2 protein chains.
Amino acid sequence: MKKENSTNSINARQLKGDCGTVFTLSLIGNRWKPVIIWRLLDGKMRYTELKKSINGISERVLVLQLREMENDGLIQRLIYPEVPPRVEYELTPLGLSMEPILEVMSAWGLDHMPQEQEVPIKVAG
Amino acid sequence: MKKENSTNSINARQLKGDCGTVFTLSLIGNRWKPVIIWRLLDGKMRYTELKKSINGISERVLVLQLREMENDGLIQRLIYPEVPPRVEYELTPLGLSMEPILEVMSAWGLDHMPQEQEVPIKVAG
DNA sequence: CCGCATCCGAGAGGATACTG
DNA sequence: CAGTATCCTCTCGGATGCGG
């Protein structure tokens, strides 16, 4: 809470802050991208692996998100010319650089969620 | 990039991470809320003040966002029974606790935006 | 001054069937 | 296996007019 500016006009810090957050959220401020990045922080994954690990996402949406993230330079798509086909997704350095943001958001969320229920760890492996 | 888990199953860190980020983004992961919080970090503001300071937002959307944020406990609405009416919006402690998140997102955004153009500071005051 | 009511278009995200 | 192709719903956000 800085009151360095006592007038009602907007200051540069605010405008730049807007800019930054708006840009950041344009890349990851939606339903699935943070989850995808979170998964890929443990290393590259194949398409079906991602799909199975992300509960509730549809195929269409997963592909759309992956394509957008590839265009934004957050992930890299690795295609192996094999039969059956094999595609892996991997974070770029830019994507990796988002880890601190996700950590902060995750920590705040866990701290302030209504009732912190422990997530069941049991997952089909 | 932690590879503490070499199997393909999901681990607890990931699930909790999802949870936290999804919850956090459900509160501020949209077009205007980060900007509104950013404004209020400098202190409480009146409705019209907010409207003028946030370029491009419509009245309807501003009110909707403010109501949602009030319901989520991020801001407090202060009504002064005067004529003409006077309403001020102020961050709650919960809303204030989001400052670090916005700072991190803003910093990352400014660092990685295509061309960092200086924002013109000239604003009608 | 501070909204609320109404209408509207765009697009995000979902379900499902099909293909190289 | 790794996607396309359709179709559909629902919410977000915008424009505008009115009311206490």
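Nothing here was measured: the structure is a model prediction, and the numbers come from that model. Numbered from 1 within each chain, the chains take letters A, B, ... in sequence-line order.
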Inset, instruction - Pick base, sugar-phosphate or nothing for B:Tyr80, based on heavy-atom distances below 4.0 Å to the nucleic acid. - result: nothing
Legend entry - Sugar-phosphate only, base, or nothing, as touched by B:Gln65 at under 4.0 Å among non-hydrogen atoms: sugar-phosphate
Whole-Å distance separating the [atom1] atom of [X] from the [atom2] atom of [N]:
X: A:Ile79; N: C:dG20; atom1: CD1; atom2: P; answer: 18 Å
X: B:Arg77; N: C:dC1; atom1: CZ; atom2: P; answer: 17 Å
X: B:Leu62; N: C:dC4; atom1: CG; atom2: P; answer: 11 Å
X: B:Leu66; N: C:dG3; atom1: CG; atom2: P; answer: 8 Å

Inset, instruction - Quick one: name the residues clustered hydrophobically with A:Tyr80, using the 4.5 Å side-chain heavy-atom rule over I, L, V, M, F, W, Y, and just say none if it's on its own. - result: A:Leu78
Legend entry - Residue among A:Asp18, A:Thr24, A:Thr21 satisfying side-chain contact (heavy atoms from CB on, under 4.5 Å) with B:Ser106: A:Thr21
Inset, instruction - Only one of B:Val35, B:Leu66, B:Val87, B:Ile57 passes side-chain contact (heavy atoms from CB on, under 4.5 Å) with B:Leu50; say which it is. - result: B:Leu66
Inset, instruction - Find out whether A:Leu27 and B:His112 are in side-chain contact, i.e. whether some heavy atom of one side chain is under 4.5 Å from a heavy atom of the other. - result: no
Legend entry - Distance (rounded to the nearest 0.5 Å) between B:Ile28 CD1 and B:Lys33 NZ: 9.5 Å
Inset, instruction - Quick one: sort the B:Tyr89 and B:Tyr47 rings into parallel, tilted or perpendicular, breaks at 30° and 60°. - result: tilted
Inset, instruction - Report yes if at least one side-chain N or O of B:Tyr47 is closer than 4.0 Å to OP1 or OP2 of C:dC4; otherwise report no. - result: no
Inset, instruction - Extract, from 5' to 3' on DNA chain D, the first and final nucleotides lying under 4.0 angstrom from some heavy atom of chain A. - result: D:dC1 to D:dT6
Inset, instruction - Return yes if the base of C:dG3 and the side-chain atoms of B:Arg60 contain a donor-acceptor N/O pair under 3.5 Å, otherwise no. - result: no
Inset, instruction - Report the residue (A:Ile57 or B:Arg86) whose heavy-atom-nearest nucleotide on DNA chain C is the more 5′ of the two. - result: B:Arg86
